[in-house]
Amino acid sequence: MELLEATGDDATLLAEYWFALATAMEPYDELNEVAFDDPAPVESGVRNWFDDEDTSAYLITVDGNRVGYLLLREGEHPSRTHSTYLDVVDLYVAPDHRNDGHGSDAIDAVERFARDRGVDYVEVSCEWENEDARRFYEDNDFDPKQVTYTRRVD
C-alpha cells in the first residue's frame with residue numbers, strides 16, 4: 001500500500017470515492033442524506049480541498065492501482081498542552097479491496113505523517129451506529145474520547 005498525494009487531476013475519482021463513502025453513511029442518520037444522485041456535482045467541492053493549506057488528499061494505491069482515498073486536515077487547539085492534531089476526515093477503501101489491511105496501512109502512514117510534522121495526536125470520527133468503523137478504529141489503537149451530538153433545526 002502506498003499513499004500518493006492527490007492533485008486536481010484526481011478530482012473526478014476523488015468525487016466518486018467521496019460519493020461512495022457518503023452514500024454508505026446515509027443509513028446511519030437522516031442528516032447524512034446526500035443531496036445529489038451522482039458524484040458529478042461533488043467534484044467542484046473536492047477541488048476546493050486543494051486550495052485549503054490545512055487539508056491534504058491522498059490516493060490509496062496497491063501495486064499501482066487506486067483502491068481508495070484519505071483526506072486529512074491539520075488543526076490546533078491552542079489552549080491545550082497537546083494542541084496540534086491531524087484529523088482523518090475521510091478514509092475510504094473500495095469494497096473489493098477491504099479486509100486486506102489497506103485501511104490499517106493508511107492509518108499507520110497517517111501516524112508517520114503526524115510524527116514527521118510534530119503533531120501531538122491523530123483524531124477520527126465515525127457514525128456511532130457504524131459498528132464496523134468503530135471496531136476498525138479501536139483495532140487500530142484509537143481510543144474513544146468524546147461523543148458528538150447533533151440537533152436538527154427544522
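Just so it is clear, the values below take in all heavy atoms, side chains as well, and ignore hydrogens, waters and symmetry mates. Residue indices begin at 1 and follow the sequence shown.
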List the atom pairs, donor and acceptor, that lie under 3.5 Å between side-chain atoms in residues 69-76 and the rest of the protein, sequence neighbours left out.
unit_1 : atom_1 : unit_2 : atom_2 : d
Tyr69  : OH     : Asp90  : OD2    : 2.6
Arg73  : NE     : Thr55  : OG1    : 2.9

Might you work through the side chain to side chain contact (heavy atoms under 4.5 Å, CB included) test for Met1 and Thr61, ending with a clear yes or no?
-> CA-CA 6 Å; Met1 189 287 308; Thr61 64; over 6 Å; no

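- The 12-atom threshold is exceeded at CG of Asp116, counting heavy atoms of other residues, nucleotides or ligands nearer than 6.0 Å.
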Applying side chain to side chain contact (heavy atoms under 4.5 Å, CB included), run through Ser104 and Phe136 and close with a yes or a no.
-> CA-CA 8 Å; Ser104 294; Phe136 170 79; 3.6 Å; yes

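- For residues 94-119, the ring-ring contact (aromatic ring centres under 6.0 Å, His included) pairs, not counting sequence neighbours, are Tyr58-Phe113.
- Counting all heavy atoms, side chain and backbone alike, Val124 lies closest to Val88 at CG2-O, 3.5 Å.
- Taking the side chain as every heavy atom from C-beta outward, Gln146 and Ser125 never approach each other to under 4.5 Å.
- Using a distance-only test at 3.5 Å, with no hydrogens or angles considered, no donor-acceptor pair links the side chain of Asp52 to the main chain of Trp49.
- Between atom CG of residue Asp10 and atom CD of residue Glu5 there is a gap of 10.0 Å, rounded to the nearest 0.5 Å.
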What's the verdict on side chain to side chain contact (heavy atoms under 4.5 Å, CB included) for Glu123 and Lys145, showing C-alpha distance, side-chain angles and the deciding distance?
-> CA-CA 9 Å; Glu123 69 179 16; Lys145 181 182 174 290; 6.0 Å; no

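- Here CZ of Arg98 is found 9.0 Å from CG of Asp132. Values are rounded to the nearest 0.5 Å.
- At distances below 3.5 Å, at least one donor-acceptor pair connects side-chain atoms of Asn130 with backbone N or O atoms of Ala133.
- Between Glu129 atom CD and Glu131 atom CD the span is 7.0 Å, to the nearest 0.5 Å.
- Linking Ile, Leu, Val, Met, Phe, Trp and Tyr whenever their side-chain heavy atoms come within less than 4.5 Å puts Val89 and Val46 in one cluster.
- For Asp51, the CG atom sits in a packed shell: over 12 heavy atoms of surrounding residues, nucleotides or ligands are nearer than 6.0 Å.
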Please list every donor-acceptor pair under 3.5 Å in which a side-chain atom of residues 147-154 meets a protein atom from a residue at least two apart or in another chain.
unit_1 : atom_1 : unit_2 : atom_2 : d
Arg152 : NE     : Asp154 : OD1    : 3.1
Arg152 : NH1    : Glu30  : OE2    : 3.0

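- Nearest heavy-atom pair across Leu3 and Ala109 is CD1-CB, 3.5 Å.
- The side-chain contact (heavy atoms from CB on, under 4.5 Å) check on Asp143 picks up nothing, with sequence neighbours excluded.
- Between Glu26 and Asn32 the shortest heavy-atom distance is CG-O, 3.3 Å.
- Distance CG/Asp38 to CD/Glu43: 11.0 Å, rounded to 0.5 Å.
- Val62 is connected to Leu91 through a chain of hydrophobic side-chain contacts under 4.5 Å among Ile, Leu, Val, Met, Phe, Trp and Tyr, so both are in one cluster.
- Here the shortest heavy-atom pairing between Ala22 and Val34 reads CB-CG2, 3.7 Å.
- The stretch residues 2-48 participates, sequence neighbours left out, in these ring-ring contact (aromatic ring centres under 6.0 Å, His included) pairs: Tyr17-Tyr92.
- The heavy-atom pair separating Ala6 from Leu14 by the smallest distance is CB-CD1, 3.7 Å.
- Scanning for ring pair (Phe, Tyr, Trp, His ring centres under 6.0 Å) contacts around Tyr85 gives His77, Tyr121, with sequence neighbours left out.
- Formation of a donor-acceptor pair under 3.5 Å by the Arg47 side chain with backbone atoms of Ala11 is not found in this model.
- Between atom CD of residue Glu111 and atom CG of residue Asn140 there is a gap of 10.0 Å, rounded to the nearest 0.5 Å.
- Contact annotation: the side chain of Phe142 approaches that of Ile107 to within less than 4.5 Å [non-hydrogen atoms, C-beta and beyond].
- In the hydrophobic cluster analysis, where Ile, Leu, Val, Met, Phe, Trp and Tyr join through side-chain heavy atoms closer than 4.5 angstrom, Leu59 is grouped together with Phe50.
- Here the CG atom belonging to Asn65 is positioned 13.0 Å from the CD1 atom belonging to Ile60, to the nearest 0.5 angstrom.
- In this structure, Ser83 and Asp120 approach most closely via the heavy-atom pair N-OD2, 2.8 Å.
- Heavy atoms from other residues, nucleotides or ligands lying under 6.0 Å from CG of Asp37 number 12 at most.
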